[in-house]
Protein chains: 2
Amino acid sequence: MSTVRNPDQTRSRLLEAAYEEIYQNGFQGMRIDEVLARTGLKKGAFYHHFASKQELGYAVLDDVIEKFMTGRWLEAMQQADDPIAAVESKLDMMIAEVDPNEPIRGCPLNNLAQEMAPLDAGFQQRIDSVFQFWIGTVADALARGQAKGIIAARVKPQVAATFIVGAIEGCVGLAKASQNPATFLDCRSQLTDYMQTLRS
Amino acid sequence: MSTVRNPDQTRSRLLEAAYEEIYQNGFQGMRIDEVLARTGLKKGAFYHHFASKQELGYAVLDDVIEKFMTGRWLEAMQQADDPIAAVESKLDMMIAEVDPNEPIRGCPLNNLAQEMAPLDAGFQQRIDSVFQFWIGTVADALARGQAKGIIAARVKPQVAATFIVGAIEGCVGLAKASQNPATFLDCRSQLTDYMQTLRS
DNA sequence: ACTAGTACAGACCAACTAGTCTGTCTATAC
DNA sequence: GTATAGACAGACTAGTTGGTCTGTACTAGT
């Protein structure tokens, strides 16, 4: 049996399976054997593409999570006429994506942050850079809103954006703790109130 | 050598060591051997007091973390003249407790929540009950503030309290991700702004 | 004082898990 | 076409980890 080889795709499959396993069990809880079982690949393939479990974790952050967050927030914020409406729209999307049949697993980025940031500098730097990028997209949108006069001049875009991102993660985290989507809705309603105070 | 025995204290030492290990490495990352090394005890002692690692985790939540949160928030909120000022005071205490020489490890309760809530129903229920208690203390204080006329009547205490707790955890979580206390200060300043909007 | 249950010590085990190594098949360069 | 490097398979290992089990010393009730 002649096997067709496609190393790039093999690597992607490993990354995708690892992302799922990490999302479900955390990085430390993720087992390489389970990633291999998901993909049907063997140890030989894995360690050909990744030097270690740690390197796999870094690659998931670099190649899956960062790209996901970039795709999700960058252009949505960049081409937003109203930054607050754009954030609200993203929150609506997050709600729509919740699968009521599955446990609430929260935000993949924040999950890794809370687990790994104090334990591993490589994780921490990558995570921080994604958060800073995310906050930066919101801050830039707020600053453009100020230029357009729809956001109050007193608002500090970076500070407000930090809080918006922090509050989103907080609301998601509480919903995860309670395993109740209604918690997110309650929490989010107040984030909405806060954001309205940023308008001029 | 005649060893003095004190089973209650032995159990407490195990719980305290386990709490520290969980706080540093997470529940899954916590190793029983390391708990024993911290205490100088052996397997025999451990499995006499706890049926399993899972039961230890439950006990840490029930006997350490819940008690800690109760002691920290209950009476402070109960005897608060001004609920917002009381929360601010607690935030000041949290800042004061940060040790600049150690990595920012965040909130022990939220750490466990983000790691274990979707994985283990026993953890999830215990964590949720502590969060609900915490939120309840804040909500009750807000309601009393409304009765006194210092909190606006339009405020829904439970919803506002949920957001306050969520935002606190979000701010702490971001500071943990960035390993930068300044992130918490920025984030918190906006939580302060939000809370001011609750006044009448 | 005796006994029975309690509170441990510490050796041991079975399962798991990250990582290694050798071999083989495939693709690519020439 | 052939050599060389890349892309895997899969058996194997060494270390770890939660948990068990037996034995023993302590303690409380009678």
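Note: hydrogens, waters and symmetry copies are ignored here, and every other heavy atom, side chains too, is used. The chains referred to below are lettered A, B, ... by the order of the sequence lines, with proteins before strands, and numbering in each begins at 1. The shown structure was predicted, so the numbers you read here are calculated from the model rather than taken from an experiment.
The nearest whole Å value for the distance from the CD atom in A:Gln9 to the C1' atom in D:dC8 is 14 Å. The CG-C1' distance, from B:Asn25 to D:dT16, rounds to 15 Å in whole Å. The separation between A:Ile32 atom CD1 and C:dG19 atom C1' is 8 Å, rounded to whole Å. Look at CG on A:Leu41: it is 13 Å from C1' on D:dG10, rounded to the nearest Å. Separating the NZ atom of A:Lys43 from the C1' atom of C:dA18 is a distance of 6 Å, rounded to the nearest angstrom. In this structure, CG of B:Leu36 is placed 14 Å from P of C:dA11, rounded to the nearest angstrom. Per the geometry, CG belonging to A:Asn6 stands 13 Å off C1' belonging to C:dT26, to the nearest Å. With rounding to whole Å, B:Tyr47 atom OH is found 18 Å from C:dC12 atom P.
For the pair B:Ser52 and D:dG18, the criterion of a side-chain N or O lying under 4.0 Å from OP1 or OP2 is not met. B:His48 has no side-chain polar atom (N or O) that falls below the 4.0 Å cut-off from OP1 or OP2 of C:dC8. A sub-4.0 Å separation between OP1 or OP2 of C:dA7 and a side-chain N or O of B:His49 is absent. Note on B:Thr10: a side-chain N or O is less than 4.0 Å away from OP1 or OP2 of C:dC8.
Projected onto DNA chain D by closest heavy-atom contact, B:Gln28 and B:Arg5 fall at different nucleotides, the more 5' of which corresponds to B:Gln28. Heavy-atom distances to DNA chain C give each of A:Ala51 and A:Arg31 a nearest nucleotide, and the one nearer the 5′ end belongs to A:Arg31.
Salt-bridge formation is not detected for the pair B:Arg105/B:Asp99: no Lys NZ or Arg NE/NH1/NH2 atom is positioned less than 4.0 Å from an Asp or Glu carboxylate oxygen.
Among the heavy atoms of the strands lying under 4.0 Å from B:Lys53 are primed sugar atoms or P, OP1, OP2 only; no base atom is included.
Looking at B:Gln114 and B:Asn110, their side chains do bring a donor and an acceptor atom within 3.5 Å of each other.
Contact annotation: the side chain of A:Arg199 never approaches that of A:Val155 to less than 4.5 Å [non-hydrogen atoms, C-beta and beyond].
Note on A:Tyr23 and A:Phe184: separate hydrophobic clusters, where clusters join Ile, Leu, Val, Met, Phe, Trp and Tyr whose side-chain heavy atoms are under 4.5 Å apart, directly or indirectly.
The two residues A:Gln78 and A:Arg144 make their nearest non-hydrogen contact at O-NH2, 3.0 Å.
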